[in-house]
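Have a look at the structure below, then the notes.
A note on names: the letters A, B, ... follow the listed sequences, proteins ahead of strands, and every chain is numbered from 1. Note that this is a predicted model, so its numbers are computed, not measured.
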Protein chains: 2
Amino acid sequence: MIKLSTKGRYGTRLMVNLARHYKNSNEAVILKNVAEEEGISIRYLEQIVIPLKINKLVKSIRGAGGGYTLARKASEIKLCEILQALEGSCSLVECLEDESFCEKIKTCGTYEIWKGATDLLKNYFERLTLQNVLDISDKKIAAAKKKGKSK
Amino acid sequence: MIKLSTKGRYGTRLMVNLARHYKNSNEAVILKNVAEEEGISIRYLEQIVIPLKINKLVKSIRGAGGGYTLARKASEIKLCEILQALEGSCSLVECLEDESFCEKIKTCGTYEIWKGATDLLKNYFERLTLQNVLDISDKKIAAAKKKGKSK
DNA sequence: ATAATTCCTATAAATTTATGTTGAAATATT
DNA sequence: AATATTTCAACATAAATTTATAGGAATTAT
Ligand code: FES
Ligand code: FES
């Protein structure tokens, strides 16, 4: 129906991975590890992390022993912020952000429809934090392990 | 944040346009007119209308005097159907439709997040019909005309 | 026959997705 | 202090997909 870009998908998983290894903002995770753990090309991750850094969601530490780390605690990072950083605009269609984008905006019936859907999404992602995602992930990992043992 | 493709945007406007001119499924509208009214390239519209036809949302009448028309009344066409026809899949990420798409699905925390968002959207577009969109559009056109007169 | 229209196929342009190459900065080691 | 190593940073390029344009064949009404 409506597709989340790979930037959005990979970038969010990158953030969850950083969150999983986060202790304090001085202990960094190297991108190579993230790439291996998540099965994503490291070269591509390097590009994806840039907007996250620009938007102050991650911190980079250069040189040996360096890497990336969350800029704040996972519970203080909203999913909405991550997606906005990665996808730029925060709406289903351009005209919601830039009214001059569509010429027929004054009479276009779909405008209100896309706006309604965008508001639903914004509200949803506004309520979720990176910590929420990490919790879901941890629970799934635990369940997978348990199942593996009992077999 | 999450982008609706031009296929989805243009295709929905095409459907609204057909709905506006719909009287019965024998009186067809030619694509050239839709293209002019909506400000979309006719060549591109020709491609966009194909999936709508395949999914039995519009009927085509070939030859001179032909054109396109809704296959049913606007009130009987759900927005969800239109988007599904145009965008193919009906979910924010592939893995919701095809579990083999993501390898880490068993432990991925974002899966549930994207599923939640997809369900919100599906539900929203399931409740809306093409007639709803047409009504909004008609209301906006009337308001625009009134404003124009009173000036 | 002619004109109007959809239908089909090809191709071009733009954007997104992904990989490769080199360089710069910080750190660890000697 | 010098050197080597590790890591991010920047730029370039390739592949795939989406977006858009073009030409002409098939079909139908007049
Ligand atoms: S005004 Fe932008 S899609 Fe209608
Ligand atoms: S994004 Fe598909 S399983 Fe995580």
Side-chain angles (χ1 to χ4, degrees), chain A residues 1-14 18 21 25-36 38-54 56-71 83 86-89 93-94 101-102, chain B residues 1-14 17-18 21 25-36 38-54 57-71 83 86-89 93-94 101-102:
Chain A
M1 187 119 74
I2 287 145
K3 214 186 47 193
L4 182 62
S5 75
T6 62
K7 237 179 171 175
R9 266 195 301 128
Y10 292 168
T12 309
R13 278 167 58 191
L14 165 62
L18 291 186
H21 297 110
S25 64
N26 296 320
E27 284 184 44
V29 176
I30 62 175
L31 226 46
K32 188 166 156 263
N33 287 355
V34 179
E36 273 166 16
E38 301 291 335
I40 305 170
S41 146
I42 185 173
R43 296 299 181 189
Y44 197 27
L45 272 185
E46 279 177 349
Q47 290 173 57
I48 289 170
V49 83
I50 293 172
L52 293 172
K53 196 192 156 182
I54 291 173
K56 304 255 164 75
L57 296 175
V58 305
K59 256 176 55 178
S60 72
I61 301 168
R62 298 184 71 161
Y68 290 95
T69 175
L70 295 186
L83 290 172
L86 291 165
E87 311 264 347
S89 124
V93 291
E94 277 289 305
F101 183 78
C102 278
Chain B
M1 187 118 75
I2 288 145
K3 214 187 49 195
L4 183 62
S5 75
T6 60
K7 238 179 170 176
R9 266 194 301 128
Y10 292 167
T12 309
R13 278 167 59 191
L14 165 63
N17 192 292
L18 291 185
H21 296 112
S25 63
N26 295 321
E27 285 185 43
V29 176
I30 62 175
L31 227 45
K32 187 164 156 264
N33 287 354
V34 179
E36 273 166 18
E38 301 291 335
I40 305 169
S41 146
I42 184 173
R43 293 299 186 180
Y44 198 25
L45 273 184
E46 280 178 350
Q47 289 173 58
I48 288 169
V49 82
I50 293 172
L52 293 172
K53 196 192 156 182
I54 291 174
L57 296 175
V58 306
K59 257 177 53 181
S60 70
I61 301 169
R62 298 187 69 164
Y68 290 94
T69 174
L70 294 187
L83 290 172
L86 291 165
E87 311 263 347
S89 124
V93 291
E94 277 288 306
F101 182 77
C102 279

If I take atom [atom1] in residue [X] and atom [atom2] in nucleotide [N], what distance separates them, rounded to the nearest angstrom?
{"X": "Ile54(B)", "N": "dC7(C)", "atom1": "CD1", "atom2": "P", "result": "10 Å"}
{"X": "Tyr68(B)", "N": "dT5(C)", "atom1": "OH", "atom2": "P", "result": "12 Å"}
{"X": "Leu14(B)", "N": "dA20(D)", "atom1": "CG", "atom2": "P", "result": "15 Å"}
{"X": "Leu31(A)", "N": "dT6(D)", "atom1": "CG", "atom2": "P", "result": "17 Å"}
{"X": "Ile30(B)", "N": "dA3(C)", "atom1": "CD1", "atom2": "P", "result": "16 Å"}
{"X": "Leu86(B)", "N": "dT19(D)", "atom1": "CG", "atom2": "P", "result": "11 Å"}
{"X": "Leu52(B)", "N": "dC7(C)", "atom1": "CG", "atom2": "P", "result": "12 Å"}

Original post:
Would you say a side-chain N or O of Lys53(A) is under 4.0 Å from OP1 or OP2 of dA9(D)?
Top reply: yes

Subject >> Phosphate contact (dC7(C) OP1 or OP2) by Ser60(B) side-chain N/O below 4.0 Å >> reply: yes

Atom of [X], atom of [Y] and distance for their closest heavy-atom approach:
{"X": "Tyr68(B)", "Y": "Leu18(B)", "value": "O-CD2, 3.8 Å"}
{"X": "Val34(B)", "Y": "Val29(B)", "value": "CG2-CG1, 3.7 Å"}
{"X": "Tyr44(A)", "Y": "Lys7(A)", "value": "OH-N, 4.5 Å"}
{"X": "Ile61(A)", "Y": "Ala28(A)", "value": "CD1-CB, 4.0 Å"}
{"X": "Arg9(B)", "Y": "Val93(A)", "value": "CD-CG1, 3.4 Å"}
{"X": "Glu38(B)", "Y": "Asn17(B)", "value": "OE2-ND2, 2.9 Å"}

May I ask you to test the [X]-[Y] pair for a side-chain heavy-atom distance under 4.5 Å?
{"X": "Glu87(B)", "Y": "Ser5(B)", "answer": "yes"}
{"X": "Ile40(A)", "Y": "Thr6(A)", "answer": "no"}
{"X": "Leu86(A)", "Y": "Leu52(A)", "answer": "yes"}

For nucleotides 16-18 of chain C, print each protein N/O atom paired with a nucleotide N/O atom at under 3.5 Å, atom names and distance only.
| from | atom 1 | to | atom 2 | distance (Å) |
| --- | --- | --- | --- | --- |
| dT17(C) | OP1 | Thr6(A) | N | 3.4 |
| dT17(C) | O5' | Thr6(A) | OG1 | 3.4 |

Original post:
Does Glu46(B) make a side-chain donor-acceptor contact with the base of dC7(C), cut-off 3.5 Å?
Top reply: yes

Original post:
From the list dT21(C), dT5(C), dT21(D), which nucleotide is the closest neighbour of the side chain of Arg43(B)?
Top reply: dT21(D)

**OP:** Give one of base, sugar-phosphate or nothing for Ile50(B), where a contact means two heavy atoms less than 4.0 Å apart.
**Re:** nothing

Distances under 3.5 Å between nitrogen or oxygen atoms of protein and nucleotides 26-30 of chain C:
none

